[in-house]
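Computed from a prediction, not measured in an experiment: that's the story for all the values here.
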Amino acid sequence: MKAEISWLDDPQTFRINQLPAHSDHRGYATVAEALAKQSSLVQSLDGSWEFSFAKDPQHRPVGFYETDYDRSDFDQLTVPGHIELAGYGQIQYINTTYPWEGKHYRRPAYSMGADRPEKGMFSTDPENTVGAYVKHFTLATALQNKRVSIEFDGVEQAMYLWLNGQFVGYAEDSFSRSEFDLTPYLQAGDNILAVEVFKHSTAAYLEDQDMFRFSGIFRSVRLVAKPALHVEDMTIRAGVDDEFVTGDLRVNLKLSAADELAGAVNVSLLNDTGEAIWTTENEAADTLDISATINHVHLWNHHDPYLYQLQVELRDATGNLVEVVPYQVGFRRFEMKNKVMELNGQRLILNGVNRHEWDAHRGRAVTQADMDYDQQIFKENHINAVRTCHYPDQDEWYHLCDRNGIYMMAENNLESHGTWQKMGAVEPSYNVPGSLPQWQLAVLDRAKSNYEMFKNHPAVLIWSLGNESYAGDDIAAMDKYYHDVDPTRLTHYEGVCRNRDYADRISDMESMMYDHPDAIEDYLKNDPAKPFVNCEYMHDMGNSLGGMNSYTDLIDKYPMYQGGFIWDYIDQALWVKDTVTGQPVLRYGGDFDDRHANYEFSGDGLLFADRTPKPALQEVDYYYGQHD
């Protein structure tokens, strides 16, 4: 297949040759590797890449992926990282509108009666910057003579991939893992990997989040080897009986084999001391459904985030160990009972925050240290929940929430704010995805990527369909998808309040942004159909967190009021050198000659961008502490 630049203009083309989304498990060659969390089956491609920047598609280095292309004038760029923060292109912060508004007249494909994509909408856009990346690698010994895939954890926004001059695939969803099979294109010795990243595609209509607009390979990249017998996917259900005493463990495994599917599969459940409390052995098969009853199970919750470990060991037909897959498991029951959300039979109270991924030096390319620090802040200030606004986060964040007992509202990568709210008014004369059938597969694909990747995390209680994208048949289809594949969790979507025709088809909870406490109380007094959650409240811009008790007082009065998520956790600002003093200073939206911009609106966190707590955090600690 030949790569086509016209894919940028078509919302129905969003993944080419990608492997199906699956669980975020990791395979190891030995038990010792699994214990050390160091897999010889993984080869990182993070670090320095060859790089060329183009201001628009017309000036990009066409054919740069060819093995004999002269790349002597290419620069070096560090992956992961944003192209703009390396000194290329325009740093820009926008809230609602799209980056091209006021410059180009543009409407989404298939909206306003259009029957096809607008030719050249993004493929000839004079402001659609392009990054050409090249990485040379030689397969590590442990990966040789095996099937090999490549995982991109995050690429904004549309990426084309080649290996050794051969086209491999295409992907658009910026915040979901994109995986491709490299096996047919690998060669002995040096391999040349090439990635072409376009800042804008039709995916831009679905990624209009309130944030700085960047591009590039901003999360990690790795090669992953698949042994002769391999776990492709695993689905873990760890529930508990009505008395909250006996655990019900159900595991579905999907296996693949390089040759014939022969061998044995040993599955064990270990307690937190490493003792195996249950084990079973099965013959290898394409699909295995395994179940077990665990007596006197230790439940998972915020105050006691107890985790067992499921361990899968695969042996080939001769008995040799070929793969070990560990995964931490939390037993719990989350359900709606008498119109109140309950965890393990207790009413759920969300002392939450919305958290953009942010680092003042690195933008959204956050580090392990950033995530560890944020978890510590949560613990110290009685924050027990987080909404991943407004996209899936790095995988490690979900594991940290499992280990620390942080309840998650896991949000889909969707926001189309600028298509239905114009000049501050609700004006959905055109909007995406709406009820447009040509956009439905794209948003369903994003929902599937979110579910499959994070379905095994006990911390995930609620699937969030996205943010500020109005409501229509497409979002209703997403809600149905989550309910069909996962009866153990609930769904959330605030935007249905804009279109009440979908109130019975979207969201298990009433969710509002910045609703006045009196309005919430009026809702709760009138026998509502759904519990209430503030998905965004207490907008912390400037000194604006006063009056928090007006909300938290509702917790004691109304069981159906279940708390919410403060907007938001951390300022979006960047360290730059002041041109006058030469000293480092934090700069916000509008400080980078970015016009149009939303200026200091990016500064609404409980922490400054350098992770220094603001005084408002003291109020959060006090009021959240009353219901922790």
Asker: Could you report the tightest heavy-atom contact between P99 and H596, atom names first, then the distance?
Answerer: O-CE1, 3.4 Å
Asker: Do E411 and S464 meet the criterion of a side-chain donor-acceptor pair at a distance under 3.5 Å?
Answerer: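 Distance-only check passes for E411 and S464.
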Asker: Examine the side chains of D604 and W567 and answer whether a donor and an acceptor come within less than 3.5 Å of each other.
Answerer: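 Yes, a side-chain donor-acceptor pair sits under 3.5 Å.
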Asker: Please indicate whether K146 has more than 12 foreign heavy atoms, meaning atoms of other residues, nucleotides or ligands, lying under 6.0 Å from its NZ.
Answerer: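 Enclosed: over 12 neighbouring heavy atoms sit under 6.0 Å from NZ of K146.
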Asker: For P11 versus A109, what's the shortest heavy-atom pair and its separation?
Answerer: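 For P11 versus A109, the nearest heavy atoms are CD-CB, 3.6 Å.
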Asker: Give a yes-or-no answer on whether the side chains of Y569 and D374 include a donor-acceptor pair shorter than 3.5 Å.
Answerer: yes
Asker: Are L193 and L161 close enough that some pair of their side-chain heavy atoms sits under 4.5 Å apart?
Answerer: yes
Asker: Does R219 pair with E396 as a salt bridge, N-O distance under 4.0 Å?
Answerer: no
Asker: How long is the gap from CG on D9 to OG1 on T124, to the nearest 0.5 Å?
Answerer: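 D9 CG to T124 OG1: 7.0 Å, rounded to 0.5 Å.
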Asker: Could you verify whether a donor N or O on one side chain and an acceptor N or O on the other, from S215 and E84, lie under 3.5 Å apart?
Answerer: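 Distance-only check passes for S215 and E84.
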Asker: Side chains of D24 and H457: any donor to acceptor distance under 3.5 Å?
Answerer: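 Yes, a side-chain donor-acceptor pair sits under 3.5 Å.
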Asker: Just one of D568, D393, D571 clears the salt bridge (charged side-chain N to carboxylate O under 4.0 Å, His left out) bar with R355, so which one?
Answerer: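 Only match with R355 under salt bridge (charged side-chain N to carboxylate O under 4.0 Å, His left out): D393.
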Asker: State, yes or no, whether a side-chain contact exists between W358 and L574 at a heavy-atom distance under 4.5 Å.
Answerer: yes
Asker: Just checking, is any N or O donor in the side chain of T367 or D370 under 3.5 Å from an acceptor N or O on the other one?
Answerer: yes
Asker: Got more than 12 heavy atoms from elsewhere within 6.0 Å of CG, N145?
Answerer: no
Asker: Count the heavy atoms belonging to other residues, nucleotides or ligands that lie under 6.0 Å from CG of D68, then report whether that count exceeds 12.
Answerer: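 Counting neighbours around CG of D68, more than 12 heavy atoms of other residues, nucleotides or ligands fall under 6.0 Å, so yes.
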Asker: Would you check if F167 and M1 make a side-chain contact, meaning some heavy-atom pair closer than 4.5 Å?
Answerer: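 Yes, at least one pair of side-chain atoms sits under 4.5 Å.
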Asker: Any side-chain heavy-atom pair from C401 and Q375 closer than 4.5 angstrom?
Answerer: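 Counting from C-beta outward, C401 and Q375 do come under 4.5 Å.
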Asker: Does any donor atom in the side chain of Q209 or N413 lie under 3.5 Å from an acceptor atom in the other side chain?
Answerer: yes
Asker: Between Y391 and H356, is any side-chain donor less than 3.5 angstrom from a side-chain acceptor?
Answerer: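 Result is yes, a qualifying pair exists.
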Asker: Tell me, do M478 and L444 make a side-chain contact under 4.5 Å, heavy atoms counted?
Answerer: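 Counting from C-beta outward, M478 and L444 do come under 4.5 Å.
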Asker: Would you give the length of the straight line joining atom CZ of F14 to atom CG of L206, rounded to the nearest 0.5 angstrom?
Answerer: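 So the gap between those two atoms works out to 10.0 Å.
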Asker: Indicate whether the side chain of H390 and that of D210 have a donor and an acceptor atom separated by less than 3.5 Å.
Answerer: no
Asker: Checking side-chain polar atoms at under 3.5 Å, does H417 have a donor or acceptor matched by the opposite partner on D208?
Answerer: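 Distance-only check fails for H417 and D208.
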Asker: Measure the spacing between OH of Y160 and OH of Y65 and express it to the nearest 0.5 Å.
Answerer: 11.0 Å
Asker: Taking R387 first and then E536, would you say they form a salt bridge - that is, a charged N and a carboxylate O separated by under 4.0 Å?
Answerer: yes
